[in-house]
2 protein chains.
Amino acid sequence: MSTRSVTTAIHVLEAVAELQPVGLSELSRAVEVPKATVQRVLVTLEELQWIERAERDGGKWSIAVHAYAVTSRGSSGSRIRDVAIGPLSALQLETGETIHLAVPDELRMVVIERLDTPHVLRAFLALGSRIPMHASATGLTFLAHSSEEFVRAYLQHPLAASTPDTMVHPQEVQAELKAIRSRGYSINPGGLSSGITAIGAALISRELGPVGSISVSGPSSRITPDKFQEYGTAVAATARQISMALPG
Amino acid sequence: MSTRSVTTAIHVLEAVAELQPVGLSELSRAVEVPKATVQRVLVTLEELQWIERAERDGGKWSIAVHAYAVTSRGSSGSRIRDVAIGPLSALQLETGETIHLAVPDELRMVVIERLDTPHVLRAFLALGSRIPMHASATGLTFLAHSSEEFVRAYLQHPLAASTPDTMVHPQEVQAELKAIRSRGYSINPGGLSSGITAIGAALISRELGPVGSISVSGPSSRITPDKFQEYGTAVAATARQISMALPG
DNA sequence: AACAATCGGTTCATCTAGTGAACCAACGGA
DNA sequence: TCCGTTGGTTCACTAGATGAACCGATTGTT
């Protein structure tokens, strides 16, 4: 009951994704598997079009588009996306700012949808970005509605600072989570990108608990403290609306 | 020299992506591998968080977000995305319409980035959408700048119609490709979705040839023939700009 | 109510095929 | 020249993948 080769293959694949472009020896060390084994896996994955080697650059490996194409269609996130897109669109029109939809993956939030603003100055996260929970409005609300154990486990890990304004002390984060719970939405001024403020609210499935979050982001010069409450209640209302439409 | 189990595992994964939500027996049939083997692979992939089973619904399988998160970071597409995002943002502001960035995968174009418009009426392709080349503005420009062999090989396959307006005759497509080459950009009125017109231009790496395309899309009621040239030159200029900034 | 055809899941004898230590040749500093 | 890399290959050993056949539970049909 192990399916070892498959497990190592996936580990190699994840290592390639993380370290790309990367060579054989480095991968072998990263995955802690002999070179010969890694080599065979690489060749196999190449045949399957999941990875490709750079023409130059000593033939280092990278993830191929095909892998992305396979995994991006559907995904559990898409159910959420489908029910969220309508309300998010309305929220975008109402606020005029960038809207993000993110779901948790391990210790990060992954941005699975974005609606843009017409403003020249705009907040920007590439789709598929993986951002730290404690440094983002989406992550913070998600944490605020997660179980105590999860939060404790999360705060065990070192909290990297994305900007000088990122909260890096566990107590500080805990206090903020409490504030978020009573307030109903999160506010993150410059914690992820300097000069960008975001306001977020969690999507909560009745059965599964928190499954993701949404946020409104824009330059701190536009999203000023006097707008926090207006945007906050709008985001929270939209989140509630989506939550109720959630499958399950 | 085969790494069979890895190959079947990936095949199972791709089948899950295509058929999700899907059950054991159906997968077994799709991949043409005994149930027992598929079962073991599924359990392994679940342990690795690449797939998950629906709580209800008889435990059917779907791709998990984690898989998406792994493959979306980086990927050959992302290099393109990184250099493209700035110019695309400018193009979006200039035109006010939805911008798509797509790269080829097998016989399709895969949408890897999108900048949308604040308009209520908006063109919309989900990220990761796989669209036929002959039915899309992005695909057509890509074809127009591909090798003759590639085009011939592509046109060998039956050309499915996405809408009544899709070009389905090889000669028709060939003629259009010629027009695109002399014009510098592609125009696709309603070929992919009825009522949506798109204008595209290819991203061409000096060393690798065409590596992807960009397009401006919107309702045909807004993107009228009198705007074709304006948008066309804008798209083509942006594509050239990105092409020059391309790595390699 | 009995039937047949699904479903998801498990068992186990067979032997394929994955493993990994040890080995290249080639490159690049020092 | 030497040392530490790199990517890549060989091969004896046996761990571990395979797949036909099985089970109990649903489901829809007669």
Side-chain angles (χ1 to χ4, degrees), chain A residues 1-64 67 74 76 79 207 247-248, chain B residues 1-64 67 74 76 247-248:
Chain A
M1 147 103 63
S2 33
T3 330
R4 273 255 311 257
S5 62
V6 172
T7 306
T8 61
I10 296 288
H11 284 156
V12 168
L13 190 59
E14 296 189 347
V16 171
E18 194 169 351
L19 305 169
Q20 65 185 309
V22 62
L24 171 62
S25 302
E26 190 180 351
L27 279 171
S28 167
R29 259 175 279 122
V31 190
E32 294 183 309
V33 158
K35 281 195 298 178
T37 304
V38 174
Q39 167 71 359
R40 252 174 320 108
V41 170
L42 289 173
V43 171
T44 306
L45 290 176
E46 185 187 28
E47 280 170 7
L48 294 165
Q49 314 257 26
W50 276 62
I51 60 175
E52 58 195 7
R53 62 201 320 165
E55 335 64 58
R56 322 185 154 278
D57 205 17
K60 298 203 166 189
W61 298 93
S62 304
I63 299 287
S76 71
R79 297 268 190 95
E207 304 186 357
Chain B
M1 147 103 64
S2 33
T3 330
R4 274 254 311 256
S5 61
V6 172
T7 306
T8 63
I10 295 288
H11 285 156
V12 168
L13 189 59
E14 296 189 346
V16 171
E18 194 168 353
L19 306 169
Q20 65 183 310
V22 62
L24 172 62
S25 302
E26 190 180 350
L27 279 172
S28 167
R29 260 176 280 122
V31 189
E32 295 185 306
V33 159
K35 281 197 297 180
T37 304
V38 174
Q39 168 71 359
R40 252 175 319 106
V41 170
L42 288 173
V43 171
T44 306
L45 289 176
E46 184 186 29
E47 281 170 6
L48 293 165
Q49 314 256 26
W50 275 61
I51 61 175
E52 58 195 7
R53 61 200 323 162
E55 335 65 58
R56 323 182 154 280
D57 202 18
K60 298 202 167 190
W61 299 93
S62 305
I63 300 286
S76 69

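Lettering follows sequence order; numbering is per chain, from 1.
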*C:dG8 OP1/OP2 closer than 4.0 Å to side-chain N/O of B:Ser25*: yes
*Out of D:dG8, D:dT18, D:dA17, which nucleotide sits closest to the side chain of B:Thr8?*
D:dT18
_Starting the side chain at C-beta, find the nucleotide from C:dC7, C:dG18, C:dG20 nearest to B:Thr3._
C:dG18
*Using only heavy-atom distances, decide whether a donor-acceptor pair under 3.5 angstrom links the side-chain of B:Lys35 to the base of C:dG9.*
yes
_Does C:dA17 have its OP1 or OP2 closer than 4.0 Å to a side-chain nitrogen or oxygen of A:Arg4?_
no
*Does B:Glu47 use its side chain to pair, donor to acceptor, with the backbone of B:Thr44 at less than 3.5 Å?*
no
*Would one find a side-chain N or O of B:Arg29 under 4.0 angstrom from OP1 or OP2 of C:dT6?*
no
_Assuming nearest nucleotide by heavy-atom distance, tell me which of A:Val33 and B:Gly23 is located more 5' along DNA chain C._
B:Gly23
_A:Lys60 NZ - D:dG7 P separation (whole Å)_ = 7 Å
*asked:* How many whole angstroms separate atom CZ of B:Arg40 from atom P of C:dG18?
replied: 12 Å
*Along DNA chain D (nearest heavy atom to each residue), the more 5'-positioned of A:Ala36 and A:Val6*: A:Ala36
*Given D:dA17, C:dT10, D:dG7, which nucleotide is nearest the side-chain atoms of B:Ser5?*
D:dA17
_If I take atom CZ from residue B:Arg53 and atom OG from residue B:Ser62, how far apart are they, to the nearest 0.5 angstrom?_
11.0 Å
*Between C:dT19, C:dG9, C:dA17, which nucleotide has the shortest distance from any of its atoms to the side chain of A:Thr37?*
C:dT19
